[in-house]
Amino acid sequence: MRSGIFFCQVEENNRLNINAVAKYAANLPSVEVVREMGIHPRLDAKDLAKQIQADNLQRIVIAGDMPGYFKPVFAKAMALAGHDPLEVRLASFREHGASAAPTLERAKAIVACAVFGVPFALAVMPAETTVHQTTLIIGGGIAGIQAALEIADAGKPVCLVERFGTIGGHMAMFDKTFPTLDCAACILTPKMVSILQHEMIRLLTNSEVIAVSGSPGSYRVQIKCRARLVDVEACVACNMCSEICPVEVPSEFDAGIARRKAIYIPFPQAVPNAYLVDREHCLYVQSAGKKCGACAKKCPKECINLDQKDDFIEMEVGNIIIATGYDVLSAEDIKQYGYGMFPNVLTALEFERLTNASGPTGGKIVTKSLRLNKRSKKEEWVFDPHGEAPKNVAIIHCVGSRDQNFNSYCSRVCCMYSLKFAHLVKEKLPDANCYEFYIDMRAFGKGYEEFFERIRQEGTFVIRGRSATVSQENEKMVVTGEDIIRDKLIQFPVDMVLLAVGLIPARGTEELSRMLGLTRDEDGWFSELDYNGNPTDTERGCVFVAGMCQSPKDIPDAVAQASAVAAGVLRSISSGRGIGHRGSVTLSDIEARAKSLQAK
Amino acid sequence: MAIRVNPKIIDDLAVYGAEDVQLCYHCGNCSAVCPHADEFNVFPRKPMRNLQMGLEKKLERSLEPWLCYYCGQCSEQCPRGAEPGETMMSLRRWLTSRYDVTGLSRLFYRSWKAEMIAILVLALLTGVAFFLFGMLRGDIHVYSGPGAFLPSSAVHLFDWSMAGVLAALLFVNSLHMWRLVFGSKDGPKPNLFMYLKHLPQLPWHFLTQNRFRTCQERNGLWLIHLLLVASYLTMLVLIMFFLPTMQSGPEIRWTVHTFGYAASIGLIGATIFMLHGRLKKTRTQFQHSHKSDWLFLIMLVYVALTGVLQHIAHRAGFPVAANLVYIMHMMGVVPMLVLEVPFSKWSHLAYRPLAMYLAAVQRDALLGRSSQGGEILAPRRIA
């Protein structure tokens, strides 16, 4: 068959030399014509048909970043030329990851597979390797926990590494889950306890992976276990050390709205249920043993050792699952909403802790009150359980999401948790007015649209139009916005503003991607192998992604993906064959395999 | 009433400068942040919506673009980069071409080549006419007094007749604007009292640009603009009423020349500020420059500089040079005024105050109607 290759790009790509790919493509068997049509070519079916007839082409291969875009016009041209319009094949650089590491080789391979008529994924089969039984999971949030339990329940050893002092991740901070309004802790804490008690799971909290070497199936991993300074086994969480500790800092677990001591337990149900010392703030550690040390003297179990040193563990693992989750965009950067300026403008995580029964107010929704800080002699805005309840609460969606000045992507969970907030406000303060400012309501999941309807019926004012500013007038916060459906500008005083702040990849994601040689997309999330067909594997063999670190997703999706990852891991362990790096497959390997597949 | 949709209007407006309207996803950020948007005029989002939907007639009779002074806040905060501020600017250009009954405005806005040709032709005609007039009637070695090359009385007469023609054109176009705004059958119908009540708004907005002041707080250019307007008005008064005094004799007459110098400095300073800003794109407002913006500024600076040069040559005692520069000056003044005042950017000197006035009248007329529409959901705008 006489084939013609047409290179049609949609976007400029400086990293890919199309000319080199075209030269390579001209030497492929059956290729008669190679044409570079440039970026976003204006194609005319009649002109193309003439060209096709002149060259007598029986098959067309469209190569480019989004070749499907041009398929209709080529199919029409083929029909006009009197050839079979079905003989139009696509070589999609974007779909098959030519943006990943060895770009040129990958692009050549993609074109070759299209010419041979072999699906790219079939032709690129990395060599299979033997697999070590142990699986390393980085990140102990809901995704990491779920994957660890799945694998461990199947009888395979797991090592779960968590940076924080407890597992649970962000989900442990939440009060309720949407749309079922289940208690988040009731779902999560049993799983957390199972992790600790599971004989196949080795849990390393307060630890970080610092180096990875080796090859798929047998990675050597170095883990730094930061000194906890408290013996996990002996500690009974009696709280006496914390009572005597003189240092107070904002609590990470409470999103900064409450304070904790330098020796602390993140929350009462923490796993492992033991205290730890924040060495950056501990007087004893900072003064190299000259000051304080009160907690060690007070501890009845004598389990505090403030001189403990970091521990380094090396281990061999077969598969690595990345479940590092997300962080929240810094709301201070988004000036128009006055976060940091007005005390009662809260981020979603802060409100999540405020309304949580284990939070600083015991779950009472109150506005901040002015209190004198005895130590610094300054007045501070703090949450007090006896504070005043807000009468008007505004919830602003898409803060820093879908905004080219911040994150251009949708953070996916904000619409639904904002609706959940409206419910929580209405439930706890039935007389309060609640206003939701949204751009588009993304209630995409099972039961989500119904949840939206329910919130509306509960009496929340749902306003289409993103509020633009929060300002202060006469000591009252005032939100301004446009009610697009009712065609009105609105401006009214509120007592509390909740910002549905967008999500970003967790701190350290870049480091980890460099360590493992993983690619990330333009927003910083880890790239999966194939968005549709293989959303859990990565370019690197035996390395998987689960949960938020791949893209923003809600809890059900994160859990589902974690289970899917577990299936992939177990497949490789039980078959004894792990899949190598996609990047290690050379062009000649792919050509040879494609030829042999074509012959079949 | 059936509404005619013109799906091509959005492409049409791209020629006038608004290229990113399609990006808008209607979050309402721009309207909420705009210091001028109010209950009756919700913009810039609504005009953007109308553009996307091709509601040409609605746009044609809207005053909203004129209520915007382009502080740029909306464009800065726009999450989509849809440039609402620039869209309003482009709508003003488009409206100017709509108001213009001759169709020349449309031609000039759409083709800068046509505008250039018109400028050159007018400049040449002016130059030749003045030169011939001077050669026939006067002596090129005399600048002022009897036997002058271009006697100020003749120039004065020419100025007044040109002003009359331009004012008439602008008046007709303004009348057309009024007809578009209040001409539709279902639109608000203000009564005479409403028209009279708000009449003081016309000179008020013309002289102070008070609304622009609100933008000043938000990265605005009110003071510079006011300086430009004040200088321009001073110059206009000097030329229309005191031209003979300004041009006679070798001695400086402080009564008029103080004003003349101040106005010249103001004109040149403000124009160079704008040119520099547009070149370096120092502000949001200066990010996108239409060809007509450049032409306007270049002509303005040319006219101001030749005016100054002419004055220097005259005072320094070079009558020939002064006369020649005078002709060059007129070759700039005539095309600038003829093209810009009724057909292009400068027409906003009439349309803007008129729009503020009409908007006030329209608001009264709308308030007079029985209130309609659904219940008020959220508390209304507080005082």
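The chains referred to below are lettered A, B, ... by the order of the sequence lines, with proteins before strands, and numbering in each begins at 1. These numbers come from a predicted model, not from an experiment.
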Can you tell me which portion of B:Cys30 sits under 4.5 Å from chain A's heavy atoms? Options are side chain, backbone, both or neither. neither
Parallel under 30°, tilted from 30 to 60°, perpendicular over 60°: which one fits the rings of A:Phe492 and A:Tyr435? tilted
Go through the steps to decide whether B:Glu76 and B:Val33 satisfy the test side-chain contact (heavy atoms from CB on, under 4.5 Å), and finish with yes or no. CA-CA 10 Å; B:Glu76 276 162 34; B:Val33 85; over 6 Å; no
Intermediate values then yes/no, ring-ring contact (aromatic ring centres under 6.0 Å, His included), A:Phe421 and A:Tyr417: CA-CA 6 Å; A:Phe421 287 170; A:Tyr417 75 59; 5.3 Å; yes
What option among B:His26, B:Arg80, B:Arg45 has the most heavy-atom pairs under 4.5 Å with chain A? B:Arg45
Under 4.5 Å from any heavy atom of chain A - which part of B:Tyr25: both
Should we say atom NZ of A:Lys46 is surrounded by more than 12 heavy atoms from elsewhere, each under 6.0 Å from it? no
